[in-house]
S.K.: 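There's a structure below that I have some questions on.
Indexing begins at 1, ligand by ligand and atom by atom, following the structure's order. If you read the sequence from its start, that first residue is 1, and numbering goes on from there. Here the structure is a predicted model, which means the values were calculated and not measured. The figures that follow rest on heavy atoms only: side chains count, while hydrogens, waters and symmetry mates do not.
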Amino acid sequence: MHKAGFVNIIGSPNVGKSTLMNELVGERLSIITSKAQTTRHRIVGIVNEPEYQIVFSDTPGVLRPSYKLHESMMGFVGTALKDADVLLLMVEPRERSLNNPEVLERIKKSSIPLILLINKMDQSNNAQLDEAFDFWKNELPRAIITPVSALHKFNIDFVKNKIVELLPESPPYYGKEELTDRPVRFFVTETIREKILLHYDKEIPYSCEVVVESYTEEPEIDRISVVIYVERDSQKGILIGKGGNDIKRVGTEARKDLEKFLQKKVFMEIFVKVDKDWRNEESKLKKYGYNS
Ligand code: GDP
Ligand code: MG
């Protein structure tokens with residue numbers, strides 16, 4: 001049984017919505033976020049697991065009071081509330097109303113599963129958190145209420161598990177492969193392997209395993225950290241070359257290819273490490289993704 005759905009996050013400016021999103025989605029998947037769009041939601045991240053897909057979106061401007069835009073805005077809130085499968089409402093410990101009180105009225109009338117997050121719990125003591133809990137339990141009796149700290153990663157797993165519990169049964173909304181950064185990581189390792197094949201004698205390429213350790217997408221630049229594992233110290237020396245010149249050439253050429261592919265600046269660092277006889281050990285092969 002597969003679960004999937006739209007999870008909408010609502011809250012006043014500065015309560016910590018983006019911080020929570022980043023934590024829930026992880027930078028791992030950030031590369032997809034600019035591609036996925038729907039007309040009604042701004043998708044900020046998708047979490048793909050074999051058994052579920054969470055599509056996080058936020059509702060821009062919902063809680064920014066504006067009298068001129070009031071009508072259309074409330075229409076927008078209406079659809080945002082209707083379309084979501086799970087609502088996350090985020091408040092700060094001292095908040096006792098929303099910027100836009102009508103949003104709260106709408107939430108009260110809706111029947112969408114609701115999780116209320118009292119964020120920044122690190123800035124409050126227990127008595128203050130209890131008080132906030134009681135207040136919101138009274139306002140929104142049907143909500144699951146929990147204190148969290150998005151910044152300090154407290155109770156975040158609990159929230160994720162609750163979301164999955166509340167998701168409806170559904171096939172995924174977006175292709176799971178297409179929406180991970182796997183293809184890009186694959187391209188990174190393939191490009192580096194190609195350069196190694198090009199510039200080294202045949203024993204070396206076959207003893208190298210290229211692993212992308214981290215991939216961080218920033219607006220202006222993608223930062224990629226790569227480790228090349230070899231089997232022996234002597235291979236490490238050959239790969240690096242005199243004064244690091246040979247590995248530098250691999251890095252520069254691969255980076256240029258990647259920049260062309262991504263249409264974006266790339267910063268890439270390559271580390272060479274020895275992982276003795278990695279080819280012969282089953283556990284290590286598993287680690288590198290060779291499943292037998
Ligand atoms: P948004 O406007 O709701 O998206 O809020 P942001 O995620 O941009 O966060 C606003 C500010 O609150 C930032 O300075 C965050 O670092 C901070 N913040 C977020 N979560 C927490 C938390 O759990 N504790 C504390 N102390 N600060 C937090
Ligand atoms: Mg934000």
S.K.: Is the contact between D122 and ligand 1 made by the side chain, the backbone, both, or neither, using heavy atoms and a 4.0 Å cut-off?
M.R.: side chain
S.K.: Got a salt bridge between R193 and E190, using NZ or NE/NH1/NH2 to carboxylate O under 4.0 Å?
M.R.: yes
S.K.: Is the OH atom of Y52 crowded by more than 12 outside heavy atoms at less than 6.0 Å?
M.R.: yes
S.K.: Run the salt-bridge test on K120 and E92 with the 4.0 Å N-O cut-off and return the result as yes or no.
M.R.: yes
S.K.: Let me see the working for E209 and I228 under side chain to side chain contact (heavy atoms under 4.5 Å, CB included), right down to the final yes or no.
M.R.: CA-CA 6 Å; E209 186 57 35; I228 302 175; over 6 Å; no
S.K.: Is the terminal nitrogen or CZ of R96 (NZ for Lys, CZ for Arg) located under 6.0 angstrom from the six-membered ring centre of F135 and within 45° of that ring's axis?
M.R.: yes
S.K.: Would you mind checking if K108 and E139 are paired as a salt bridge, meaning a charged N to carboxylate O distance below 4.0 Å?
M.R.: yes
S.K.: From atom 9 (O) of ligand 1, work out which of V15, T19, I156 has a heavy atom at the shortest distance.
M.R.: T19
S.K.: I need the atoms of ligand 1 closer than 4.0 Å to a non-hydrogen atom of A150, numbered in the order shown.
M.R.: 20 (N), 23 (O)
S.K.: Using heavy-atom distances, let me know which of S12, P147, G16 sits nearest atom 5 (O) of ligand 1.
M.R.: G16
S.K.: With heavy-atom distances below 4.0 Å as the criterion, list the atoms of ligand 1 near S149.
M.R.: 22 (C), 23 (O), 24 (N)
S.K.: List ligand 1 atoms under 4.0 Å from Q123, heavy atoms only on the residue side.
M.R.: 26 (N)
S.K.: Give the atoms of ligand 1, by number and element, whose distance to some non-hydrogen atom of K17 is under 4.0 Å.
M.R.: 1 (P), 2 (O), 3 (O), 4 (O), 5 (O), 7 (O)
S.K.: Purely on distance, is any nitrogen or oxygen of H152 under 3.5 Å from one on ligand 1?
M.R.: no
S.K.: Closer than 4.0 Å to some heavy atom of N119 - which atoms of ligand 1 meet that?
M.R.: 19 (C), 20 (N), 21 (C), 23 (O)
S.K.: When the ring centroid of F56 is compared with that of F6, is the distance short of 6.0 Å?
M.R.: no
